[in-house]
Colleague: 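Sharing a structure with you now.
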Amino acid sequence: QVQLVESGGGLVQAGGSLRLSCAASGRTLSSSAMGWFRQAPGKEREFVAAISGSSGSTDYEDSVKGRFTISRDNAKNTVYLQMNSLKFEDTAVYYCACRRGAIMFRRVSAYDYWGQGTQVTVSS
């Protein structure tokens, strides 16, 4: 059974930083594409960032490019999302997701396993 547990969310002022973590059990993440998604109240879940399971290539949604960084620590079986220069519109529940395959995608339906989410609130 694969379990993903996110942590690191919280309340931060605009311009501040947070680092989200996603710790996995039941599966080795090094061979899996991983993604971060977010969902604001009344909105659909949307892609934020992804990292491939082979080359470690990354992909970012345009609004977070240059501010957010996705990375992985294979020894800890953990994926991170470093979020800098946070904006009010970044407020959402952030979800970690894992694919069985190594290729990363932006669509929600491509991911097989999901964490429970962690709340990020940015005050303006």
Colleague: Go through the steps to decide whether Gln82 and Ser71 satisfy the test side chain to side chain contact (heavy atoms under 4.5 Å, CB included), and finish with yes or no.
Modeller: CA-CA 8 Å; Gln82 177 67 43; Ser71 63; over 6 Å; no
Colleague: Using 0.5 Å steps for rounding, measure from the OG1 atom of Thr118 to the OH atom of Tyr95.
Modeller: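 Reported to 0.5 Å precision, the distance equals 10.0 Å.
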Colleague: Report yes if the distance between the aromatic ring centroids of Tyr60 and Phe47 is under 6.0 Å, otherwise no.
Modeller: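 Centroid separation for Tyr60 and Phe47: 6.0 Å or greater.
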Colleague: Contact between Met83 and Tyr94 at the side-chain level, heavy atoms closer than 4.5 Å - yes or no?
Modeller: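 Result yes, sub-4.5 Å side-chain heavy-atom pair found.
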Colleague: Do the two ring centres, one from Phe68 and one from Trp36, sit under 6.0 Å apart?
Modeller: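 For Phe68 and Trp36, the ring centres are not under 6.0 Å apart.
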Colleague: For residues Tyr111 and Leu4: do they belong to one hydrophobic cluster (side chain heavy atoms under 4.5 Å, members Ile, Leu, Val, Met, Phe, Trp, Tyr)?
Modeller: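 The answer is no; the residues belong to distinct hydrophobic clusters.
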Colleague: Measure the spacing between OG1 of Thr58 and CZ of Arg72 and express it to the nearest 0.5 Å.
Modeller: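 Result: 11.0 Å between the selected atoms.
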Colleague: Using the rule that Ile, Leu, Val, Met, Phe, Trp and Tyr join whenever any side-chain heavy atoms are under 4.5 Å apart, tell me whether Val93 and Leu86 fall into a single cluster.
Modeller: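 Not linked; separate clusters.
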Colleague: Out of curiosity, Ser30 OG to Asn77 CG, how far, rounded to the nearest 0.5 Å?
Modeller: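 These two atoms lie 7.0 Å from each other.
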Colleague: Using only heavy-atom distances, determine whether the side chains of Ser57 and Ser55 contain a donor-acceptor pair under 3.5 Å.
Modeller: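 Yes, Ser55 and Ser57 have a side-chain donor paired with an acceptor closer than 3.5 Å.
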Colleague: Side chains of Gln119 and Thr121: do they bring a donor and an acceptor to under 3.5 Å?
Modeller: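 Yes, because at least one side-chain N or O of Gln119 sits under 3.5 Å from a partner of the opposite role on Thr121.
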Colleague: If we only count heavy atoms from C-beta on, is the Phe37 to Glu61 side-chain gap below 4.5 Å?
Modeller: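 No - every pair of side-chain heavy atoms lies 4.5 Å or more apart.
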Colleague: Which atoms form the tightest heavy-atom contact between Thr91 and Val122, and what is the distance?
Modeller: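 Looks like OG1-N, 2.9 Å.
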Colleague: Could you tell me whether Arg99 sits above the aromatic face of Phe105, with NZ or CZ closer than 6.0 angstrom to the six-membered ring centre and within 45 degrees of the axis?
Modeller: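 The answer is no, since Arg99 fails at least one limit relative to Phe105.
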Colleague: Give the minimum heavy-atom separation between Arg38 and Ser63, together with the two atoms involved.
Modeller: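 Answer, listing the atom of Arg38 first, then Ser63: NH2-OG, 3.5 Å.
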Colleague: If you look at every heavy atom in Cys96 and Glu6, which pair is closest and at what distance?
Modeller: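 Taking every non-hydrogen atom into account, N-OE2, 2.7 Å.
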Colleague: Looking only at heavy atoms, which two atoms of Leu81 and Ala49 are closest? And how far apart?
Modeller: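 Distance-wise, the nearest heavy atoms are CD1-CB, 4.1 Å.
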Colleague: Under a 3.5 Å cutoff, is there a donor and acceptor pairing between the side chains of Asn84 and Ser17?
Modeller: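 There is such a pair between these side chains.
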Colleague: For the pair Lys87 and Asp90, find out whether any cationic side-chain nitrogen is under 4.0 Å from an anionic carboxylate oxygen.
Modeller: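 Here Lys87 does not pair with Asp90 in a salt bridge, since their nearest N and O are not under 4.0 Å apart.
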Colleague: How long is the straight-line distance from CD of Gln3 back to CZ of Arg27, given to the nearest 0.5 Å?
Modeller: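 Between Arg27 CZ and Gln3 CD, I get 14.5 Å after rounding to 0.5 Å.
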Colleague: For the residue pair Ala102 and Ala33, what are the closest heavy atoms and their distance?
Modeller: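 Smallest heavy-atom distance, with atoms named: O-CB, 3.5 Å.
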Colleague: Does any part of the side chain of Met34, heavy atoms only, come nearer than 4.5 Å to the side chain of Leu29, both counted from C-beta?
Modeller: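 Yes, at least one pair of side-chain atoms sits under 4.5 Å.
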Colleague: Hey, does the Lys NZ or Arg CZ of Arg19 hover above the aromatic six-ring of Tyr80, less than 6.0 Å from the centre and inside 45° of the axis?
Modeller: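 Relative to the ring axis of Tyr80, which defines the angle, Arg19 lies inside both limits.
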Colleague: Would you call Gln1 and Tyr113 a side-chain contact if the rule is heavy atoms closer than 4.5 Å?
Modeller: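 Side-chain contact under 4.5 Å: no.
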Colleague: For Ala92 and Ala40, work out which heavy atoms get closest and say how close.
Modeller: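 For Ala92 versus Ala40, the nearest heavy atoms are CB-N, 3.9 Å.
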Colleague: Does Leu11, at its CG atom, have more than 12 non-hydrogen atoms belonging to other residues, nucleotides or ligands within less than 6.0 Å?
Modeller: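 Yes, the 6.0 Å shell around CG holds more than 12 heavy atoms from other groups.
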Colleague: If hydrophobic clusters are built from ILVMFWY residues whose side chains come within less than 4.5 Å, do Ile51 and Met104 share one?
Modeller: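 No: no chain of side-chain contacts under 4.5 Å links Ile51 to Met104.
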Colleague: Establish whether Trp114 and Ile70 are linked, either directly or via other cluster members, by ILVMFWY side-chain heavy-atom contacts under 4.5 Å.
Modeller: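 No; tracing contacts between hydrophobic side chains, which count when under 4.5 Å, never links both residues.
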